[in-house]
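The shown structure was predicted, so the numbers you read here are calculated from the model rather than taken from an experiment. In the text below, chain A, chain B and the rest are named by the order of the sequence lines, each starting its count at 1. When reading the values below, keep in mind they use all heavy atoms of this one structure, side chains included, and skip hydrogens, waters and symmetry mates.
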Amino acid sequence: MGKHFSVWTLLLSTLVGVAPASAQQRQITGRVSAATGEPVAGVAVSQTGTAFAAVTNADGRYAIAAPAATVTLVFRRIAFKRKEVAVAPDQNTADVSLEPDVFNLEAVVVTGQVTGIERRNAAMATTQVSGEEVSRVPSPALDRALAGRVPGAIISQNSGAPGGGTQIQIRGSNTVIGSPDPLFVVDGVIYSDASLPTGLFTVTRSSSNRGSGEQQDDPVNRLADLNPDDVESIEVLRGAAASSIYGSKAANGVIIIKTNRGKAGKPRANITQRMGFSELLRGPGTRAFSTTDTFPYHLATIQSYVAGGQVPFYDHLKEITDTKPLAYETDLDVGGGTENTRYFLAGSSKRDGGIVGNTFDERQNLRANLDQTFSDRLKLSVSTAFNRTATDKGFTNNDNNGASVTYAIAYVPSFLNVLPRNGVYPAPAITYLGSNPVQTAALAKNTETVYRFTGGATLTWQALQTIHHNLQLVGQGGVDLFQQKAVVISPPELFYEQTQTNPGTSALSNADSRQWNWNLNAIDAYTPSSGSFKATTSAGIQVEDREIGRARVVAKGLLPGQSNIDQASVLQSPFEINAQERTLALYGQEEFLTLHERLLLTAGFRAERSSANGDIHKYFLYPKAAASYRFPNLMGEGTELKVRGAYGETGNQPLFGQKFTTLTTAVIGGSAGTVIQGTAGASDITPEHLKEFEAGVDAQLWHGRATLEVTGYSRHTYDLLLQSTPAPSSGYGTRIFNGGVLWNEGIEIAGGVTPVQTQNLNWIFRTTFTSLKNRVQDLGGICQTGATVCGFRPPIAGFGLAFGEFFIQKGQPITQIIGTDTVAGGGGALVTRYLGQANPRFRWSFLNDVTYRRLSFSMLWDWQYGGVEQNQTLSLYDCNGLAPDQATTAGRARFDACNVWGIAPPFVQSTTFLKLREASLAVELPERWASWIGARNARASITGRNLVLISNYFGYDPEESNFGQQAISRNIDLGPYPPMRSFYFSITAGF
Amino acid sequence: MTTTTTVHMRRLAAVGAAAGALFVAAACSSFFDVPNTNQPNLEDLVTNPTRAKLAAAATGIFANARGDIQGVVWRLGSLGREGINLSGNNQPDYQEPYFLSALIGSGFGGALWGGRYTAIRDVNIYLAALASIDTARVSSAEKAASRAMANTMAALAFLYVIETRDSLGAPIAVDLPISAPPAPFARRDSVYGHILLLLDSARADLTRAGSTAFPFSVPQGFSGLAPNALDFSSPALFVQFNRALAAKARVLRATAAGCGTACYTAALADLAASFLSGPPANFKKGAYFDFSNAAGDAPNGLSEPLNGFTYYAHPSDSVDAQRQVGGLPDQRVIDKIVPAVDTQVLGGIAEIPGKQKFTIYFTSGNADPARPVPVIRDEELVLLRAEAEWFTGSKAPALADLDSVRVNSGKLAPTASIPLTIASPDSVFVKELLYNRRYSLLWEQGTRWIDARRFGRMGDIPKAPPTGGNVAKVMPVPDPECAARGLAVNCTP
């Protein structure tokens, strides 16, 4: 439980303060301990009905002033169940023992920038995940560790590459050309989760168009810079009512992350050392040829490779993934301090190798968090973190040049030997554009290095404190900066480079990102003398500014052994792009808690203007309203039932540049002129507007040993940002405008039960269930009256109707895939029809945690049912006749589907899967072992990530996305980095 | 109030004031005015025009004016059986013009439309920016000169559109915001009327400009620096180009029914004010579109070496040629067509052979990606004058002009030997006129197809093979244009 220590944050700080001097006061003191007898620090002790509390110190001791009459003291702390104790007038000590709160029911839920409400009253759907849960099993990035833990969120990895690349989709697809990502806030600072491409497409030529090519670079999502071990808690705001406080960046949900802070008392330190390795989890087999096979090669060709009466078999996938890369990680953190000054310092360094040769992911982090109390009225809290991340992801994904290794192996038959002999790589006779994938894997470089600093501070001033009013002013500000340098090198000795006019490519890219935000808030909590209600009024102003600049240059025709961009014969495709966005918002909110803390009524609004909108002066309003009512003990003693409903509105900002109509250069006779580039921006562009109703029931049963949360929602996105093809006589080829409506509706269920809770054995079972359906309801000006089919191909749709393509169509699921198919009994006639949708029917996860004495064991299974993906990897193997079953009737049919008929259904496959995402086995080492190294406690564990994947999907992983993070066109799989399973052995010692 | 509360209140007031000040500072509008510094953009050009930005936009107009000319040459040349595109990569390129009696609005038939309207949009944006710049930066005379150039280039774009779509008409009032519904189609005669309106208003502006220079640089093809180019680089000289276009538009309008003699008469007046000059030595002189291989510029793809495999001349060009006095074929054939080094016969289809190539865009006997393509030149003006003279009754001067071309370009015997005299019927004159227009302007602007259509002689062009039907008379309205109006494909709005 070591990681659950925390001091109450601002969320309950309305309760913390010094009691004003008053007559007839006595001092009540005591000690708070856990069930194990250990003192518990940071417990808020308050008198029911008053507005302030004392906090226990590191020894669990507290002192609070109280009137002479009988008082009831309430003891509250994260991870423990609250306790109420009556203290008689003659009693001056009250020692209390607290029980663990397994399902985090006592937590405080975020309701505003600096406000919070207790979980039992919360009227909106949010999920809390502790830092311990996301760091138990190491993951490439924090978002991947959240998979299976958040109902309503479909979290999918984009590829198996080291360094991460994950998409979090909360409550479905709510946009087409807007941003699909949730907003991340770390310690009050808006944290950039940009995915910056390295320029791999200049080598793989996945597209000749930079916009499409960059999306196929399998970029790292910058959330990977955050060390999961630094995280204390994560709160996911799933619904519009909850996220409306963040306005037009929050249509896809908000993820609020708080990092560890020091606690008063003796300095505590923890050291963790991990070692591990990874291996290939799953991949497409390849066809084994026999001496009598006749397709797709001539008999004579195959026979020419026969050796010893047999056709040799080389598994090329194993050859490129045969490194069993070692991983290591070292973490160290120290925290401590006095009542007034508390600090937390942490450092970590890790390296994960990738299974494809020379790929890796490294991260070094340093963090310093400080909490300083200047007086009983003024407090400062500072968080700073510095990080360096470096990755090399190799050459994978879509390819038209011969560079991608997983693409090329789909062309090289298994009887060809491509391994080096005496360090010399053979040029394969049958391959893709002359490439030898093993040579490519050995010589390719696709590297990226990022330096990042994130820092923020929060200043809290207790402006007014009376018996009835508690007025706080909070100022928060922070900055998130990073710099990325990416180098992609494809040396001229690679076989596919040698066919180029200028062999050898080196692409150098740079990116600079700067985000800062600050806000000022005033919170007033009012409780009348009767104590019959508590009204919290908050208002504030927020300003956000974010800027990103990128540039790249590509050099071709490299000198042998050189990679600098000036050691080449031509420089090509330079580009530079700078984008900036500024937002100003005002908000107000009222929370009214009454009827013995049973009824909560909340209303609020956020009015926001942004530089991304057409009218930069206009404020867009995002209101919200929510209510909840608790029925304590409704189903017996120790049960709670709460019904809640909420309505909220958020928006999705237009992307930078969508409001501008750009001109491009046209050169004649050596002079450069400007002409229309062809896209008409919308000078009156507005954010997409999302409106949502949400209702739910939360139940606690069996004295908190069982919990159930069911939420249903229905949301519409209006003023959808769309791209259409206008009449060419307008002079434009593309037009951006607001119009159209999307609809998403779903159910989210989270449950937990502790069937066994004894001294020696503890079993906790948790489950989350997510299911949603959606439709495109309207497409604005794209549809002409009377048209039977109203729709359009999104910017990224796929690779042709013969393989399945996304098509956004009125009345159909948002992520539908259509393709060419034969008419049943139609004798060869072709028709375009619906083949499925990317959205799965449901996702259901199961988490089991068993603790027996010193041993603990846990497993997280994730089951996805339904949904389809364009399996272009399969189409590569089938088109080349190299799928393992190609010689069978079914295999032959797929070969024909690709090469003869041009029909799509065989290549649009169901993404039903069952995954064992995490498993861990840990043992608390005996104290005397720990004391040999001077430690208080020590723990050893074996953990694994991505261990089992059961699916009928062909090839790698049904979660893959060739185009990375996409609002609509996610499920396209084409030569991705193969998925890895990783094992770690760790030792943690606490000092 | 107690003292403590007063102190609290004062502190609160101070904080409130500070917050208010910060709010006001943050609410400063310019803070939110984040421009796009990555490319030039329309909003910036129109609201903050400068002399340099306008000059760049003017250069853009010239650059885009040549946008589709290669397509005009080979597409309309395919329809008119002057030549063919056999690059083999894209079947619609030769299949559709050669096999279909009615083209379809996607693929081959949908071309030569969007690019012209983008050029027209460029002009309209330029005019808007020009109107809003203050006269200290660009004087009124310079504004008039710039307007004239822009309107002339817009007229040229409309001319290309109506030449391809003819009786289907075309939208003309296209200077609408993107959110407005598409501009309505205007009838063919209204389109010609609009073209002449633009050209005439441009002439008035050129007169207003007087001796001021253009406030932008004029490319070599319009400033006499390119091979065979004449100098139109000042308003006083540019009017000659303007009148040449007006004459051409009037002649085309004359045969488009509804105009007749009045148009021809006006055309003669325009020709007199144009750069038309008598001597055959000047036949090649005129306005040209520049091309080059420089970075960012467009090369002349029509200029192909003899072993290239894209553009070929149609055999009828040689077969139909009249004979010179000594027995050789028409000199224009000898000058423009030679046997190919790399022959192609696609699919064994006899009608689509690739055995001869054009040398029209060669420089010193070799392919030249920088070879200019003529916009309009003296020889064409002579032939326009011949046509206008004949149909306004001046038949002897008409035959004299026709002879000037026949004898000097084709080295053929004079018209009297055909026989074609002032007493001949119109049909005989037209046949000979079209013959000379076809060979003098071969593979330059799709003359054979346009002439056959406007004189009702589509039967003269070799049939579309499998169906045996006549060659398509017009290119259809492109599919996206129909779709944007809610109509099915191949619409006639």
*In this structure, which one of A:Glu581, A:Arg609, A:His617 forms a side-chain contact (heavy atoms from CB on, under 4.5 Å) with B:Phe32?*
A:Arg609

_With a 4.5 angstrom heavy-atom cut-off, is it the side chain or the backbone of A:Phe575 that approaches chain B, or both, or neither?_
neither

*When rounded to the nearest 0.5 angstrom, what distance separates CD1 in B:Ile178 from OG in A:Ser724?*
7.5 Å

*Answer yes or no on whether A:Arg582 is positioned over the face of B:Phe31, meaning its NZ or CZ is under 6.0 Å from the six-membered ring centre and within 45° of the axis.*
yes

*asked:* Need one label for A:Asp545: side chain, backbone, both or neither, based on atoms under 4.5 Å from any heavy atom in chain B.
replied: side chain

*Where on B:Pro480 is there a heavy atom nearer than 4.5 Å to chain A: the side chain, the backbone, both, or neither?*
both

_So which atom in A:Ser730 and which in B:Arg121 form the shortest heavy-atom distance, rounded to 0.1 Å?_
O-NE, 2.7 Å

*Between B:Ile61, B:Asp122, B:Asp290, which shows the greatest number of heavy-atom pairs under 4.5 Å with chain A?*
B:Asp122

*Check whether A:Phe737 gets within reach of chain B through its side chain, its backbone, both or neither, counting any heavy atom under 4.5 Å.*
neither

*Using non-hydrogen atoms and a 4.5 Å limit, figure out which bit of B:Arg116 sits close to chain A: side chain, backbone, both or neither.*
neither

*Relative to chain A, which segment of B:Pro181 carries a heavy atom at a distance below 4.5 Å: side chain, backbone, both, or neither?*
neither

_Option in A:Ser729, A:Ala680, A:Gly731, A:Ala666 with maximal non-hydrogen atom pairs under 4.5 Å from chain B_ = A:Ser729

*Would you indicate whether the side-chain heavy atoms of A:Phe656 and B:Val34 approach each other to under 4.5 Å?*
yes

*asked:* Is B:Pro219 close to chain A through its backbone or its side chain, or both, or neither, when contacts mean heavy atoms under 4.5 Å?
replied: side chain

*asked:* Less than 4.5 Å to any heavy atom of chain A: does that hold for the side chain of B:Ile125, its backbone, both, or neither?
replied: side chain

*Looking at B:Leu45, B:Thr59, B:Asn38, B:Thr37, which has the largest count of heavy-atom pairs under 4.5 Å with chain A?*
B:Asn38

_Sort by residue number and list every residue of residues 671-679 of chain A having at least one heavy atom under 4.5 Å from chain B._
A:Ser671, A:Ala672, A:Gly673, A:Thr674, A:Val675, A:Ile676

_4.5 Å side-chain heavy-atom contact, B:Phe289 and A:Ile668_ = no

*Heavy-atom distance under 4.5 Å to chain A: side chain of B:Glu481, backbone, both or neither?*
both

*Using non-hydrogen atoms and a 4.5 Å limit, figure out which bit of B:Ser292 sits close to chain A: side chain, backbone, both or neither.*
neither

*Using non-hydrogen atoms only, which part of A:Thr583 is less than 4.5 Å away from chain B: side chain, backbone, both, or neither?*
backbone

*OG1 of A:Thr662 to CG of B:Asp44: how many Å apart, nearest 0.5 Å?*
12.5 Å

*Is it the case that more than 12 heavy atoms not belonging to B:Arg51 sit under 6.0 Å from its CZ atom?*
yes

*Heavy-atom closest pair, residues B:Gln39 and A:Leu663*: CB-O, 3.6 Å

*Between chain B and each of A:Gln580, A:Lys659, A:Glu576, A:Arg735, count heavy-atom pairs under 4.5 Å; write down the option with the most.*
A:Arg735

_chain A interface, residue from B:Phe216, B:Tyr126, B:Phe291, B:Tyr117 that has the most non-hydrogen pairs under 4.5 Å_ = B:Tyr117

*asked:* As an exercise: rank B:Gly114, B:Gly115, B:Ala57, B:Ala58 by heavy-atom pairs under 4.5 Å with chain A and give me the winner.
replied: B:Ala57

